[in-house]
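Structure, as structure tokens:
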Amino acid sequence: MTKPRVLIISPAAAGSNNGNWQTAWRWSRMLHPHYDTTIAQDWAGEPFDVMLALHARRSAEAIAYWARARGVDADCPGLAVVLTGTDLYRDIQTDASAQASLAYAQRLVVLQDCAPQALPQPLRAKARVIFQSVTARKPVAKTLRHVRAVVVGHLRDEKSPRTVFAAARLLKHAPGVFIDHIGEALDHALGLEAQACAAECPQYRWLGGLPHAATRRRIQSAHVLVHPSRMEGGAHVVMEAVCSGTPVLASRIDGNIGMLGADYSGYFALGDAHGMADALLRFRAQEPGAVSMACAFYQHLQSQCNQRAPWFTPANEQSALHQLVRELLQPHPFNEIRHQHASA
């Protein structure tokens, strides 16, 4: 029996090592062997039963082509559009191609619990929440001599790196608090600011871009992941920390609340460098230059993260993904009409 063919559109190529590509690759593996999957950056009209298009704006051309090929302008059979943070919290507000992608889709896939509320009310019934996943890692022993925070995100405005720079300067004279910042300088000016911060603040290090495996090891060995983003569709690094036994401090934005829960205790206000710095200081023990892994704040955040970790298991993501594809393959009036015409 011929397996249904699923096309995954990813704006990013394999070499980019970003979230879009990682999601596309992981989903292709999760759908195998029940489906014949292909990852591509566009669609040239080849026969597929389902298209999963990552990014409403950047994949808009392929999405529109799929709909035009089926002669519809809304709720196109077999089409799911996966929405990123920039889609939800920026592009669909103003970009006509992103807005068209929302209309074309039969299903809109979002990656955290708060995301459906960012959609126009008439489109929310199309939304399906699929939490992404990571493989769990065993927590590792961490030094008691200092607090090591890690920030993971390319240097661009959406990740709010200036909040990190400002917090590092506030902590310049605080003993025992160190910040490692991982990410390429997608904005040249921000790269220069990171270099200046590192020169001024010895406890801050900008490590540039690192391979994914090396980044995961640093998350695993850090005392805390700090995630100060302005907009997020469902940050992979938050899951990687939660599933490695590393607590998270995060900006209080919908993209983070939808991952960690409304009652999570590790939030600081967006852009609040003082709040970020104060939260890091709470990880220290009373004696200068030491960290108490038994402190109530650390234990509380770790407990909350442990409770959230089952949401991010591969089995949970795979089950939701297969349910989505089954929905997209259900008989649709358009398909029935096409079959009748072919039989005439």
Side-chain angles (χ1 to χ4, degrees), residues 2-13 19-21 23-24 27-28 31 35-111 115-130 233-234 320-344:
T2 302
K3 292 183 289 188
R5 300 191 67 202
V6 177
L7 175 63
I8 303 174
I9 295 291
S10 170
N20 281 337
W21 170 256
T23 298
W27 282 11
S28 72
L31 291 172
Y35 303 96
D36 180 0
T37 60
T38 299
I39 302 174
Q41 290 182 276
D42 52 30
W43 180 56
E46 305 92 336
F48 286 94
D49 299 289
V50 167
M51 176 189 282
L52 306 177
L54 279 61
H55 212 301
R57 179 181 60 81
R58 295 179 64 195
S59 297
E61 185 175 346
I63 292 166
Y65 187 19
W66 180 275
R68 287 196 300 268
R70 285 152 179 75
V72 298
D73 56 12
D75 302 322
C76 186
L79 174 61
V81 176
V82 186
L83 301 175
T84 66
T86 51
D87 282 327
L88 286 166
Y89 303 113
R90 186 183 66 196
D91 293 344
I92 66 172
Q93 315 299 326
T94 58
D95 187 90
S97 65
Q99 293 166 353
S101 294
L102 299 187
Y104 288 137
Q106 182 183 355
R107 294 288 182 267
L108 296 169
V109 179
V110 294
L111 306 176
Q117 301 307 309
L119 295 170
Q121 179 69 44
L123 300 181
R124 291 177 189 173
K126 293 186 182 186
R128 299 292 183 272
V129 178
I130 298 180
L321 178 61
H322 277 255
Q323 176 59 36
L324 170 71
V325 174
R326 286 194 296 268
E327 288 184 26
L328 296 172
L329 288 170
Q330 288 296 311
H332 189 281
F334 172 81
N335 293 330
E336 294 174 7
I337 292 170
R338 182 175 61 178
H339 178 73
Q340 291 169 6
H341 288 173
S343 302

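Values in this document were obtained by computation on a predicted structure and should not be read as measured data.
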Residues in side-chain hydrogen bond (donor to acceptor under 3.5 Å, both in side chains) with Thr84, at least two apart?
->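 Partners of Thr84 by the side-chain hydrogen bond (donor to acceptor under 3.5 Å, both in side chains) criterion, ordered by chain and then number, come out as Thr86, Asp87.
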Contacts of Gln117 meeting side-chain hydrogen bond (donor to acceptor under 3.5 Å, both in side chains) (sequence neighbours excluded), chain-then-number -> Arg124
Which residues pass the side chain to side chain contact (heavy atoms under 4.5 Å, CB included) test with [X], sequence neighbours left out?
X	value
Arg5	Asp36, Thr38, Pro47, Phe48, Asp49
Ala100	Tyr104
Glu61	none
Ala74	none

Out of curiosity, [X] [atom1] to [Y] [atom2], how far, rounded to the nearest 0.5 Å?
X	Y	atom1	atom2	result
Ile130	Leu324	CD1	CG	4.5 Å
Ile39	Trp27	CD1	CH2	11.5 Å
Arg326	Leu321	CZ	CG	9.5 Å

Provide the full list of salt bridge (charged side-chain N to carboxylate O under 4.0 Å, His left out) pairs with a residue in residues 91-101, sequence neighbours left out, each pair given once.
-> Arg57-Asp91
Residues passing the ring pair (Phe, Tyr, Trp, His ring centres under 6.0 Å) test with Trp66, sequence neighbours excluded, are Trp43
Please name all residues satisfying ring pair (Phe, Tyr, Trp, His ring centres under 6.0 Å) with Tyr35, sequence neighbours left out, ordered by chain then number.
->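 With sequence neighbours excluded, Tyr35 shows a ring pair (Phe, Tyr, Trp, His ring centres under 6.0 Å) to His322, given in chain and number order.
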With sequence neighbours left out, write down each residue that passes salt bridge (charged side-chain N to carboxylate O under 4.0 Å, His left out) with Arg68, or none if nothing qualifies.
-> none
Over all heavy atoms of both residues, which pair between Ile8 and Ser28 is shortest? Give the atoms and the distance, please.
->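 Between these two residues, the closest heavy atoms are CD1-N, 3.7 Å.
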